[in-house]
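Just so you know, these numbers come straight off a predicted model, no measurement behind them. Reminder, nothing fancy here: chain letters follow the sequence lines and each chain counts from 1.
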Number of protein chains: 2
Amino acid sequence: MDQDPFFRTLRAGGHRLTQARMAVIAALRKASAPLSAAEILASCLAAGARIDRATAYRELEFLASSGIALPVRLEGRSLRYEISDRGHHHHAVCLKCENIQEVKADAALEAAETRVAKRVGFTVLRHAFELFGLCKKCR
Amino acid sequence: MDQDPFFRTLRAGGHRLTQARMAVIAALRKASAPLSAAEILASCLAAGARIDRATAYRELEFLASSGIALPVRLEGRSLRYEISDRGHHHHAVCLKCENIQEVKADAALEAAETRVAKRVGFTVLRHAFELFGLCKKCR
DNA sequence: TTGACAGTGCGACTAAGTCGCATTAATCTT
DNA sequence: AAGATTAATGCGACTTAGTCGCACTGTCAA
Ligand SMILES: [Zn+2]
Ligand SMILES: [Zn+2]
Ligand SMILES: [Zn+2]
Ligand SMILES: [Zn+2]
């Protein structure tokens with residue numbers, strides 16, 4: 001626990017390692033796809049941590065501001081979060097089975113994104129790229 | 001009005017040209033950026049059409065299913081709509097002035113999107129690409 | 001071990017959208 | 001032009017996702 005980089009970051013920032021905080025981080029770690037606040041809350045409760053809805057929301061917001069959780073806002077769905085140590089990627093959402101699949105960053109795509117931004121005279125702080133359709137299984 | 005392609009499509013489909021429907025289409029036409037349901041409702045009311053909130057939502061959904069309105073779901077914002085006859089494009093959202101700017105489709109970007117989809121074995125029905133940052137004026 | 005205060009639980013609140021159902025009005029028929 | 005048909009509407013109650021203030025509590029450094 002003391003060698004965990006996220007926990008060290010939190011301690012270094014003067015933040016406490018509370019039950020709720022550790023439960024939420026554990027829930028994010030366990031997840032294989034981005035989770036909504038409600039799902040994270042359910043996961044924490046299932047794991048035996050008694051935390052409140054408001055706490056779950058506040059904690060996720062805090063973890064996002066600390067760079068530990070990454071907000072994932074897929075169009076049409078409610079806000080989700082994933083753990084932030086998996087490198088830059090995007091998502092493909094299956095419209096049939098609802099599965100969310102990671103799409104590794106593609107150099108050409110990222111280059112095109114940069115070029116387009118330059119063309120329209122925009123300073124890009126963040127970008128979103130999502131695919132919606134049918135996954136291998138559902139096709 | 002009878003030569004309007006959208007109106008002709010609606011008539012051909014056996015749909016009525018109601019006050020609400022025409023008011024919503026007019027609001028979408030007037031808009032220079034994607035509008036939320038609330039904004040469209042306000043625009044209709046300001047134009048003198050007495051329509052209900054539920055009607056505005058239902059009408060927008062209907063127009064989207066008819067291919068006349070295009071849902072624009074920019075991450076973190078509520079669902080918006082724009083008129084559908086402007087060709088494929090994406091959006092750049094200024095985080096300071098909240099302006100939403102159209103970004104014309106870029107051949108290289110679209111090609112990269114297609115290639116990435118193929119790589120992950122995904123049948124893409126729709127894609128999203130958005131830039132978030134600072135516009136020319138706000139930089 | 002204890003004081004300070006970051007973090008929590010509670011509950012009331014808001015914003016965005018949905019739904020069922022009785023009524024209205026756009027279009028069709030005659 | 002009047003009546004019939006039924007798509008579309010208004011109303012209001014409901015849901016879902018998230019926010020907020022405030023009194024209380026648990027973490028941790030001294
Ligand atoms: Zn699938
Ligand atoms: Zn990217
Ligand atoms: Zn701006
Ligand atoms: Zn595109």
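The listed nucleotides are C:dC28, D:dG18, C:dG17; the one nearest the side chain of B:R11 is C:dC28. Of all nucleotides listed (C:dG17, D:dT9, C:dT8), D:dT9 comes nearest to the side chain of B:A20.
Taking atom CD of residue A:E59 and atom C1' of nucleotide C:dG9, one finds them 14 Å apart after rounding to whole Å. To the nearest angstrom, C1' of C:dT18 lies 19 Å from CZ of B:F62. Between B:I40 atom CD1 and C:dA16 atom C1' the separation is 14 Å, expressed in whole Å. Between B:L79 atom CG and C:dA15 atom C1' there is a gap of 14 Å when expressed in whole angstrom units. Computed from coordinates, the B:L41 CG to C:dG17 P distance equals 12 Å when rounded to whole Å. One interatomic measurement links the two molecules: CZ of A:R73 to P of D:dA17, which rounds to 15 Å at whole-angstrom precision. To the nearest angstrom, C1' of C:dA16 lies 16 Å from CG of B:L74. Atom P of nucleotide D:dG10 and atom CD1 of B:I51 are separated by 7 Å, given to the nearest angstrom.
Remark: the A:R80 side chain and the A:S36 side chain contain no N/O donor-acceptor pair separated by less than 3.5 Å. Counted by atom type alone, A:H91 and A:E130 present zero donor-acceptor pairs between their side chains at under 3.5 Å.
B:L79 and B:V72 end up in different hydrophobic clusters when Ile, Leu, Val, Met, Phe, Trp and Tyr side chains are linked at under 4.5 Å.
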Taking only N/O atoms, report every protein-nucleotides 23-27 of chain D pair under 3.5 Å with atom names and distance.
{"residue": "D:dG26", "atom": "N2", "partner": "A:R16", "partner atom": "NH1", "Å": "2.3"}
{"residue": "D:dT27", "atom": "O2", "partner": "A:R16", "partner atom": "NH1", "Å": "3.2"}
{"residue": "D:dT27", "atom": "O2", "partner": "A:R16", "partner atom": "NH2", "Å": "3.4"}

Review item, nucleotides 19-24 of chain C N/O atoms under 3.5 Å of protein N/O:
{"residue": "C:dG20", "atom": "O6", "partner": "B:R58", "partner atom": "NH1", "Å": "3.3"}

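Taking the six-membered ring where tryptophan is involved, the planes of A:F129 and A:H90 are perpendicular, since the angle between them exceeds 60° and thus also 30°.
Considering CZ of B:R53 and CG of B:L41, their distance stands at 8.5 Å, rounded to 0.5 Å. Between B:F122 atom CZ and A:K136 atom NZ the span is 11.5 Å, to the nearest 0.5 Å. For the atom pair B:L125 CG and A:L95 CG, the distance stands at 6.0 Å (nearest 0.5 Å).
Within the 4.0 angstrom heavy-atom criterion, only backbone atoms of the sugar-phosphate kind lie near A:R21; the bases stay farther away.
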For this session: Begin from the C-alpha positions of B:D52 and B:R58 and carry the test salt bridge (Lys or Arg N to Asp or Glu O under 4.0 Å) through to its verdict.
Result: CA-CA 10 Å; B:D52 187 71; B:R58 281 189 286 231; 5.5 Å; no

Exercise. Which is it for A:D4 and A:R29 under the salt bridge (Lys or Arg N to Asp or Glu O under 4.0 Å) test, yes or no, and what are the steps along the way?
Worked result: CA-CA 12 Å; A:D4 181 302; A:R29 281 224 162 88; 3.0 Å; yes

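Position along DNA chain D of the nearest nucleotide to A:R53 versus B:R53 favours B:R53 as the more 5'-ward residue.
Shown are A:K104, A:Q101, A:E82; of these, the side-chain hydrogen bond (donor to acceptor under 3.5 Å, both in side chains) with A:H89 is made only by A:E82.
Residue A:H15 places at least one side-chain N or O closer than 4.0 Å to OP1 or OP2 of C:dG7. For B:Y57 and C:dG17, the shortest distance from a side-chain N or O to OP1 or OP2 is below 4.0 Å. Within the structure, every side-chain polar atom (N or O) of A:R50 is placed at least 4.0 Å from both OP1 and OP2 of C:dC10.
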